[in-house]
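Notes follow once the structure below has been shown.
Below, chains carry the letters A, B, ... as their sequence lines are ordered, and counting in each starts from 1.
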Number of protein chains: 2
Amino acid sequence: MSQGADTPTAVDQVLELAVLLNRDMQLSFERDGLTEARARLLWVLRGGPVTQRELADALAVTPRNVTGLVDGLVATGYVARAPHPTDRRAVLVTLTDAGSTLLTSMVEGYAEMHDLLFGGLSERQLRDLRRSLAIVNDRLRARVEQDWGAP
Amino acid sequence: MSQGADTPTAVDQVLELAVLLNRDMQLSFERDGLTEARARLLWVLRGGPVTQRELADALAVTPRNVTGLVDGLVATGYVARAPHPTDRRAVLVTLTDAGSTLLTSMVEGYAEMHDLLFGGLSERQLRDLRRSLAIVNDRLRARVEQDWGAP
DNA sequence: ACTACATTGTGTAGTACCTTCACGACATGA
DNA sequence: TCATGTCGTGAAGGTACTACACAATGTAGT
């Protein structure tokens, strides 16, 4: 009602933000020879070696899928499979040197994202933005969690 | 520096927003028997029938991929292939009645998203949010478009 | 110690999304 | 008409997922 048809709505803006964020991260992953799924798995390994079962839970995917993702990361040399010290069924997924280096640069990139995103905002604008985002996220989260149980 | 380790950073908030938006839309698509890729294709058909070549350009995917997506939507009965009036090579992808109905509800859902997202904000908060999002999006867009040509 | 049950990872099979390459059908301009 | 480009699709292949089945192993219960 208040703007022309070519002006993006607030919903448009939020959706574009989501698209741009995805694209930016995907481009970053591709530069490292990673896919999105493998990058997510690697990100979980920040906390140290974990079993494939734990990875499946953390990523909310099936154990079978983790097998495939780990296969890929082993092929590219970022992780290795090691025997679990006490459970001979389980496999510990550990970072190789290359994987550790890559993960370090990913953590740095995450930190640099703050300036990239918010470098154009004043302190006050950033504070207000955070407040509004908290409210928006709370509403969205409630909706998503509700719909998760009522398909 | 200013908050505890368990408080989400501004980057965390933006990333969570993106994740939640994706999840919400995906759940909505699933309810309609749609996948994300097929929903995007359907969304392009808002403007009327288009050729598969135009769809490939609009979706930024290969023409071969469009063939598969249209196959799926034909199987579920949401679109149909029609001959192009002047170009016998081309295929016009058109909405069926079911597809048209579905698209209408998708458009309605898009409109309702405004209240879902911003119903908890005051007029002033929403204005400020839009201003900040415009700034953030501009910076991100510049970065993504720059990296698109320099891998 | 032996049995019963649960858990871990993976082979098999299948779906969806995406790509490149090759090719036939068709359009277009010289 | 003839060369050249365009449209859609078959063939082949990669990645991300799923469900199901199964062997190896861990964990109780008796």
Query raised in the report: Can you tell me if B:T9 and B:D12 form a side-chain donor-acceptor pair at under 3.5 Å?
Result: yes
Report summary line: Whole-Å distance, A:L34 CG to D:dG14 C1', equals 16 Å
Report task. Answer yes or no: does a side-chain N or O of A:T67 lie under 4.0 Å from OP1 or OP2 of C:dT10? Result -> yes
Report task. Please state how far atom CG in A:L69 lies from atom P in D:dT18, giving the value in whole angstrom units. Result -> 10 Å
Query raised in the report: Of all the choices, C:dT20, D:dT15, C:dG11, which nucleotide is nearest to the side chain of B:T62 once you look at every atom?
Result: C:dT20
Query raised in the report: DNA chain D: A:V61 or B:D71, which has the more 5' nearest nucleotide?
Result: B:D71
Requested in this report: Taking only the side-chain heavy atoms of A:R53 (C-beta and beyond), determine which of C:dT8, C:dC18, D:dT15 contains the nearest atom.
Outcome: C:dT8
Report summary line: The nucleotide from C:dG9, D:dG8, D:dA16 with an atom nearest the side chain of B:V91 is D:dG8
**Report entry** Presence of salt bridge, A:R40 and A:E36, under 4.0 angstrom
**Finding:** yes
Query - B:R40 CZ - C:dA16 P separation (whole Å) - result: 16 Å
Query raised in the report: Nearest nucleotide by nearest heavy atom, which residue falls closer to the 5' end of DNA chain D, B:E54 or A:P63?
Result: B:E54
Report task. Give a yes or no on whether a donor-acceptor pair under 3.5 Å exists between the nucleobase atoms of C:dT7, that is its base, and the side chain of A:R89. Result -> yes
**Report entry** Minimum-distance nucleotide (side-chain atoms of A:D87 versus D:dT9, C:dG9, D:dG26)
**Finding:** D:dG26
Query raised in the report: Does a side chain donor of either B:R81 or B:Q52 reach within less than 3.5 Å of an acceptor in the other side chain?
Result: yes
Query raised in the report: Rounded to whole angstrom units, what separation is found between the CG atom of A:L55 and the P atom of D:dC17?
Result: 13 Å
Query raised in the report: Taking atom types as modelled, is there a side-chain donor on A:E108 or A:S105 under 3.5 Å from an acceptor on the other?
Result: no
Query raised in the report: With no angle test and no hydrogens, is the base of C:dG11 tied to the side chain of A:R64 by a donor-acceptor pair under 3.5 Å?
Result: yes
Query raised in the report: Do B:D97 and B:S100 have side-chain atoms, one donor and one acceptor, less than 3.5 Å apart?
Result: no
Query raised in the report: Does a side-chain N or O from A:R88 land closer than 4.0 Å to OP1 or OP2 of D:dG26, or not?
Result: yes
Report summary line: When rounded to whole Å, the NE2 to P distance for the pair A:H84 and D:dA24 reads 21 Å
Report task. Round to the nearest Å and state the distance from B:Q52 atom CD to D:dG10 atom P. Result -> 11 Å
Report summary line: Between CD of B:Q26 and C1' of D:dA16 the distance, given in whole Å, is 12 Å
Query - Rounded distance (Å) that lies between atom P of D:dC7 and atom CG of B:L92 - result: 13 Å
Query raised in the report: With a non-hydrogen cut-off below 4.0 angstrom, is A:N65 in contact with a base, only sugar-phosphate, or nothing?
Result: base
